[in-house]
There are 2 protein chains.
Amino acid sequence: MTTLLAHPERDEIRIASVLQALADPVRLQIVRALAEHEEGISCGVLPLGVTASTLTHHLRTLREAGVVRVRPQGTSRISSLRRDDLDALFPGLLDGVLAAKR
Amino acid sequence: MTTLLAHPERDEIRIASVLQALADPVRLQIVRALAEHEEGISCGVLPLGVTASTLTHHLRTLREAGVVRVRPQGTSRISSLRRDDLDALFPGLLDGVLAAKR
DNA sequence: GCCGTAGTACGATCCCTGTCGAACCACCAC
DNA sequence: GTGGTGGTTCGACAGGGATCGTACTACGGC
């Protein structure tokens, strides 16, 4: 629908944008949740305490920063972590973030 | 002078604050510079293109997040990365950030 | 075709923060 | 003491972004 889900290529991912994307509590929660679901999930089900339109905003931020990959599936959208790309570009970063005890 | 340089203890350092602190181009530059000077440096000498008062602001942000340790020395202030603490809490995070080719 | 559900788009609001300039403080050398 | 240099504080300002509500679109089931 509408915007056809632009994702940056691996070599277009900038560390500043990634950090910016991770520097929000809600998005951190999303990333943590995605880390536990390799196959990806529909983020609408997460208990984030935020409206749908706000969630859309956060997912776009994560997607445009290159943190998350989103693929449409029926009436839903499945989001998954771009682990491979992030690990290749910034080895350890994601693990470090996820290692933090909540 | 004035505020006596409060630093969070290791167990008070929060991942959200650290990411927030790293999510600024100027502060990223500072962190990168500090990474190359284990012994610490006076940040006033860095070519950051920002006024002194802005620099003070950024250093406070980094210090209060637990990213940087600052010790007064004469008329200067020496800043250094809290590598040990960050590596202990979020192993890989700092290395991942620094691995990014500018 | 119709409806419900999942998600997006847009506009408005509000707060946070990065920035600066100006005034000030602290230390050191003389 | 005097002055200079390195930093801080304070207030002001502007831009960004997190949030929401409302209106809208798309897909799937009946």
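Because the structure is a prediction, the values reported are computed rather than measured.
Counting only heavy atoms from C-beta outward, the side chains of A:Leu48 and A:Gln29 approach each other to under 4.5 Å. Contact check for B:Ile41 versus B:Leu46: side-chain heavy atoms found under the 4.5 Å cut-off. Between A:Val70 and A:Ile78, every side-chain heavy-atom pair lies at or beyond the 4.5 Å cut-off. B:Arg82 has its side chain out of reach of B:Val67: every pair of non-hydrogen atoms, C-beta onward, lies at least 4.5 Å apart.
Applying the 4.0 Å criterion to OP1 and OP2 of D:dG6, one finds that B:Thr75 has every side-chain N and O outside that range. The phosphate of C:dG7 (OP1 or OP2) has no side-chain N or O of A:Arg60 nearer than 4.0 angstrom. Side-chain nitrogen and oxygen atoms of A:His58 include none within less than 4.0 Å of the OP1 or OP2 phosphate oxygen of D:dG17. Applying the 4.0 Å criterion to OP1 and OP2 of D:dT22, one finds that A:Ser53 has every side-chain N and O outside that range. Side-chain N/O atoms of A:Arg77 include none lying less than 4.0 angstrom from OP1 or OP2 on D:dA26.
Here the nucleotide nearest the side chain of B:Thr56, chosen from D:dT8, D:dA18, C:dC20, is D:dT8. Of the candidates D:dG21, D:dT9, C:dT19, the closest approach to any side-chain atom of B:His57 belongs to C:dT19.
Atom CD of B:Glu38 is surrounded by 12 or fewer heavy atoms from other residues, nucleotides or ligands within 6.0 Å.
Distance A:Gln20 CD to C:dG18 P: 9 Å, rounded to the nearest Å. If you measure from atom CD of A:Gln73 to atom C1' of C:dT5, you get 15 Å, rounded to the nearest angstrom. Regarding A:Leu55, its CG atom lies at a distance of 12 Å from the P atom of C:dA6, rounded to whole Å. Put simply, CG on A:Leu59 is 15 Å from P on C:dA6, counting in whole angstrom units. Summarising the geometry, the separation between CZ on B:Arg63 and C1' on D:dT9 is reported as 13 Å, rounded to the nearest angstrom. If you measure from atom CG of B:Leu28 to atom C1' of C:dG18, you get 15 Å, rounded to the nearest angstrom. Put simply, CG on A:Leu5 is 11 Å from C1' on C:dG7, counting in whole angstrom units. Distance CD1 (A:Ile78) to P (D:dC27): 15 Å, rounded to an integer number of Å.
B:Ser76 comes within 4.0 angstrom of the backbone, heavy atoms only, and of no base.
Remark: B:Ser42, B:Gly44 in residues 31-51 of chain B come within less than 4.0 Å of DNA chain D through at least one heavy atom.
A donor-acceptor pair under 3.5 Å is formed between the side chain of B:Thr56 and the backbone N or O of B:Ala52. Here the side chain of A:Ser17 pairs no donor or acceptor atom with the backbone of A:Ile13 at under 3.5 angstrom.
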